[in-house]
Amino acid sequence: MKWLRYDAGSGPRHGRLADTATIETMDGSPFGPLRPTGERVALASVRLLAPVEPRRVFGIGLNYVDHIREVGAKTPSIPLVFMKPDSAVVGHEAPVVYPRVGANVHYEAELAVVIGRKARRITADRAREVVFGYTCANDVSERVIQGQEMAMGSLVVGKGFDTFCPLGPWIETGVDPSDLRIRARVNGATRQDSRTSDLLFGVEALVCYLSQAITLEPGDVILTGTPAGVGPVVPGDTMEIDIEGIGVLRNPVVAETAPPR
Ligand code: MG
C-alpha cells in the first residue's frame, strides 16, 4: 500500500493510491483514526506533500560499507546518529534551496524508515512491528559547514538548512527493506547505485539502538545513511532518489533568492 499526503488546492489531505493514477482520499491520518471518504482524485492533478510530518528526523552517518571506504572514515562501532530539523522536510517535486552561504551542496540517496507505533526498548527481532513503512529520502548536505562542524564534534547546520530533507513520493508499507536497489540520479545520470543489503546497521538494528534511549513516536523518521557516489549539485539541477519497490523522489535545486537579513 502506498500512503501519501497531497494538496489539491484546499489544503493537506491524506490518501492512498487505489491504482497507479488514482488517489483514494482519507479523513484522518494513517497514524490515527482513518476513514475513506469515498472521494477519488487523479494523482496527476495534485501536488504531493511530504508523506509524513515527522516530529523527529534521525539521520545515520557512515552506514554503507562502500561509502565509509569512499570517504576514508573509520567504521563506526555504534550507529553515528544526528538529527535534521523538521523545517528541512519537503515533499516530491518541491524545490531544494541552495543556500547563499552554501559552497558545496551534495545529494545523498537514503532509505527512510517511518515509525508507526510508540516504541521503547524494542529488540531487533521485533523492530519491524513498530515500522509503518518506507519512503525515499535525500539527506541534502552542505559539505563545507558539515566539515567545520564535524571537526568540532557537531553536525546540525550543514545537514539542517531549510528544504534539506526531501521525503517521498509516498510511504510504501508492503516492502521488505533488507535488499533493495537504491539509486541517485542528477539530471538523469546515475550517481549512486547500491543495495540496502550493504547497510552496516540495518533497519532492525537502528530501531533497536534508538529505542533503547528514545521513545519513538508514530511519524518519526530514520534516514538510514547513504551509499558511495555522493557528489555536488548546483541550482538548475534535478535530483532523483529511486528505491526499488518504493518509487522515485524528484526535487529541483534552486538558488536562494530571499534577500539576506
Ligand atoms: Mg546521509
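Atoms within each ligand, like the ligands themselves, are counted from 1 in listed order. In this text the structure is predicted, and so the values were computed from the model without any measurement.
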Residue list, salt bridge (charged side-chain N to carboxylate O under 4.0 Å, His left out) with Arg16, at least two apart or on another chain: Glu24

Please determine which of Thr224, Val203, Ile243 meets the side chain to side chain contact (heavy atoms under 4.5 Å, CB included) test together with Tyr134. Val203

Side chain proximity check, Leu223 to Val57, heavy atoms < 4.5 angstrom: yes

Of Asp242, Asp193, Thr238, which is the lone residue that meets side-chain hydrogen bond (donor to acceptor under 3.5 Å, both in side chains) with Arg185? Asp242

Which residues satisfy the side chain to side chain contact (heavy atoms under 4.5 Å, CB included) test with Pro227, sequence neighbours excluded? Tyr64, Asp66, Ile182, Gln192, Ser194

Below 2.8 Å of the Mg ion (ligand 1), tally up the protein N/O/S atoms for me. 3

Which residues satisfy the side chain to side chain contact (heavy atoms under 4.5 Å, CB included) test with Arg195, sequence neighbours excluded? Asp179, Arg181, Ser197, Glu244

